[in-house]
There are 4 protein chains.
Amino acid sequence: MAQKKEAIHQDTKNRIFMTAAQLFATEGYDRVSIRQICEAVGVGKPTLYYYFKDKETLLHELINYSWSISEDLIEKYIENKSDYFEQIRGIIQARKIFAEKYPFFIRFFIMLNIMSVPENIRSALIQYTTNLFTELVRFLQNGQKLGHVAEETDIFILANTMVGTLNQLLMRHFFLDDKDAMSDENLSKLYQFWKNHLFQ
Amino acid sequence: MAQKKEAIHQDTKNRIFMTAAQLFATEGYDRVSIRQICEAVGVGKPTLYYYFKDKETLLHELINYSWSISEDLIEKYIENKSDYFEQIRGIIQARKIFAEKYPFFIRFFIMLNIMSVPENIRSALIQYTTNLFTELVRFLQNGQKLGHVAEETDIFILANTMVGTLNQLLMRHFFLDDKDAMSDENLSKLYQFWKNHLFQ
Amino acid sequence: MAQKKEAIHQDTKNRIFMTAAQLFATEGYDRVSIRQICEAVGVGKPTLYYYFKDKETLLHELINYSWSISEDLIEKYIENKSDYFEQIRGIIQARKIFAEKYPFFIRFFIMLNIMSVPENIRSALIQYTTNLFTELVRFLQNGQKLGHVAEETDIFILANTMVGTLNQLLMRHFFLDDKDAMSDENLSKLYQFWKNHLFQ
Amino acid sequence: MAQKKEAIHQDTKNRIFMTAAQLFATEGYDRVSIRQICEAVGVGKPTLYYYFKDKETLLHELINYSWSISEDLIEKYIENKSDYFEQIRGIIQARKIFAEKYPFFIRFFIMLNIMSVPENIRSALIQYTTNLFTELVRFLQNGQKLGHVAEETDIFILANTMVGTLNQLLMRHFFLDDKDAMSDENLSKLYQFWKNHLFQ
DNA sequence: CATGAATGAGCTTTCATTCAT
DNA sequence: CATGAATGAAAGCTCATTCAT
């Protein structure tokens, strides 16, 4: 019985979670009201407040969850590989899978990078982003040692080029509705481009 | 005398304009209220509505203005140059100047690309962005004819790489408060990187 | 316990309802603000909006209610009677009772016939009024068959005479503050007048 | 020159006057804003305030003007006639002409009888209406002396019947859009009805 | 005689949030 | 675990009116 209750509990909380993610992603955090979320889920407002302290907390939990997915993907598609170029391909692949499987979250995530969000959320985000970037830099420095990245290449610029280009394609995909931007064909061209121009 | 009046008129409208730009840029369109703008400017709400039909119109005019600045810079730093590599340097330079001279506007502009904004504003933005991207593609195709871009290089990927990297650095500058990202030194490294890796 | 809650609910909604009716009747729909209603009732504005979608809906519900009272009275004072002249007396009586028991509503109702109201409300009103008029016409046609109305009498004019006169007396009562207009004595004179001049 | 100026003056004032009458009549006093009037006329708001102290004064002047038209018609169609039944016909005729030639004013006038208007305007209206009613009563008392009205007929009820019926038809015409209500044919039936049922 | 610019007060409506049940 | 009912604060916007010119 307790189990069933727990299950229901999880279900309702999850429905609020997912609905909020979707609404925030498509309309923007500020534009979505608690009422809107509750109506979409089909529960009363006090129910939402039972699960989440306030709107900000809901956002925060959403970010954490979104982030954990992202980390899972990174581990699966990058850290598990041993070949260097496979890992590079993994960087691209992880983004693609994220975009395909969790479109709300990635949209939502891109948004957060720029959106005006409460300060504590902002700093959490910066922390996350910085960590990820640092990992990439380390990966590239290692590539330099291994001879895959030219000695004279500026690692900071290179890292920004990779991240920036991927973000750019995601933005085309999500905000300009350019569905080719993240197509397999295009990402394969991107990989070739990187192999030709950025690595050796 | 009429001149003075006109001047005052322009002054008030301009003050509203600039204040709104600044507030929108730092807090986000939805988070800034009409009252906030008016209080910051020191006028009553009806005064704002005297100059701008509604909040949305204010945003729209802000975008148009911001865009016209951007176009002026593009003309000045890119189209006026004759040497191909000078033009490439101009692309970087124009962004830097924009970021330095009109920080609110660029912040504001980056934000708009992702923010949830009214649909008609969104489509105007897409129009703008698409046009600019098309111009860049044309510029690179020409570079291919001139032999500055390798025959086998994918122009679409290249264009996205350039735009994406610049945006990435701007985001670091504005949203991660990484003031080095747009420093002269770093942009000069970027230019070298492009010369070495993307052009020939 | 649930009963008590329900009672309170109904109470608040009802208090808003009645207060609004009264205010609309005395000051006019446009002149009465939501704030005014809420202050008079002693609740916050969101409470009003909890029960009524918007000001227009409140008006609409008020009209429906007012109308349903009117129909109840018609049934009680007219349709239940069998004698033709008793029914005529009932027409007068129903108006009087309405005016006495629900002065706000009748004031309100007269007002609506002329006031500028939102279009959908206006058409509902026209519908109501037309239906009622049609019933009266049918009643008079029947009277002609029964020989109570002269063969050569124009039914349309007769119906308008009856309705118009009653409205005129109500207007005197409510808007010129002529409290005799709807007095028993006067209405009894009206009945005699109708018997003498309009029927046979 | 002064003449021309005066002419222009009168013209602008008149345009404001007529436009306001039309707007008040169709939308209701409260629903029409000063801005709306000025935009419809094509002048600035201070211009309106130059001619009329405030919105209330504009309404007041409108009522006075409307009233003077009404009195002119009464004189022309009633007081000039010598035959009693010609005068009765004149009562009907005057209303018809008023409705045809000055539709805005009559609409406007009907409205005022019920509308919520500032107190001083309300009392002026009551004054007007009462005077007119008194004149009608006197006319009917005189008819009684002349033998056109039966000895036992209640004059007060008779007067209300006449006024009420005419108002009712006007309301049908203007508010229910029943264009037959004030047609020549129908008014001629009304005259016959009155001759048959109310007079002798 | 007319205008552009400005204002204080007020409008209807919605927000995030909380209470008792 | 969920609900109906309520709230203070604030949103965007418009009102009638006035000033200097």
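Bear in mind the structure is a predicted one, so any value in this text is a computation, not a measurement.
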Open item on the list: Defining pairs by Watson-Crick or G-U wobble geometry with both distances under 3.5 Å, how would you list the stems of DNA chain E with at least three pairs each?
Closed with: E:2-21 with F:2-21
Open item on the list: Which label fits C:Tyr128 and C:Trp67: parallel for a plane angle under 30°, tilted from 30 to 60°, or perpendicular past 60°?
Closed with: parallel
Atom-to-atom span, [atom1] of [X] to [atom2] of [N] - whole angstrom:
X: C:Glu56; N: E:dT12; atom1: CD; atom2: P; answer: 12 Å
X: A:Asp30; N: F:dA10; atom1: CG; atom2: C1'; answer: 14 Å
X: A:Tyr50; N: F:dC1; atom1: OH; atom2: C1'; answer: 6 Å
X: B:Phe52; N: E:dA6; atom1: CZ; atom2: P; answer: 12 Å
X: B:Tyr51; N: F:dC13; atom1: OH; atom2: P; answer: 18 Å
X: D:Tyr49; N: F:dA20; atom1: OH; atom2: P; answer: 18 Å
X: A:Leu23; N: E:dA16; atom1: CG; atom2: P; answer: 12 Å
X: C:Lys55; N: E:dT14; atom1: NZ; atom2: P; answer: 15 Å

TODO: Compare side-chain N and O positions of D:Thr47 against OP1 and OP2 of E:dT3 and report whether any pair is under 4.0 Å apart.
DONE: yes
Task: Distance test, side-chain N/O of D:Ser33 to OP1/OP2 of F:dT14, below 4.0 Å - done: no
TODO: Spell out yes or no: do the side chain of A:Lys45 and the base of E:dT17 have one donor N/O and one acceptor N/O closer than 3.5 Å?
DONE: yes
Open item on the list: With the threshold set at under 4.0 Å for non-hydrogen atoms, list the residues of residues 34-43 of chain D touching DNA chain F in residue-number order.
Closed with: D:Ile34, D:Arg35
Task: All ring pair (Phe, Tyr, Trp, His ring centres under 6.0 Å) counterparts of C:Tyr49, not counting sequence neighbours - done: none
TODO: Tell me, please, which residues at least two apart from C:Phe17 pass ring pair (Phe, Tyr, Trp, His ring centres under 6.0 Å).
DONE: C:Tyr65
Task: Worked check of side chain to side chain contact (heavy atoms under 4.5 Å, CB included) between D:Leu59 and D:Ile63 - done: CA-CA 6 Å; D:Leu59 178 63; D:Ile63 291 168; 4.1 Å; yes
- [ ] Would you mind listing every salt bridge (charged side-chain N to carboxylate O under 4.0 Å, His left out) that reaches into residues 59-69 of chain D, with sequence neighbours excluded?
- [x] D:Lys13-D:Glu61
Open item on the list: Cation-pi check for B:Tyr29 against B:Lys55: NZ or CZ below 6.0 Å from the six-membered ring centre and within 45 degrees of the axis, yes or no?
Closed with: yes
- [ ] Look only at the side chain of C:Thr47 and the backbone of C:Val43, and say whether a donor-acceptor pair between them is shorter than 3.5 Å.
- [x] no
Open item on the list: Under a plain distance cut-off of 3.5 Å, with no hydrogens placed, do D:Asn14 and D:Tyr51 share a side-chain donor-acceptor pair?
Closed with: no
For residues 33-40 of chain C, run the donor-acceptor check on the side chains, cut-off 3.5 Å, and write out each pair with its distance to 0.1 Å, sequence neighbours left out.
from, atom 1, to, atom 2, distance (Å)
C:Ser33, OG, C:Gln36, N, 3.1
C:Gln36, OE1, C:Ser33, N, 3.3
C:Gln36, NE2, C:Glu27, OE2, 3.1

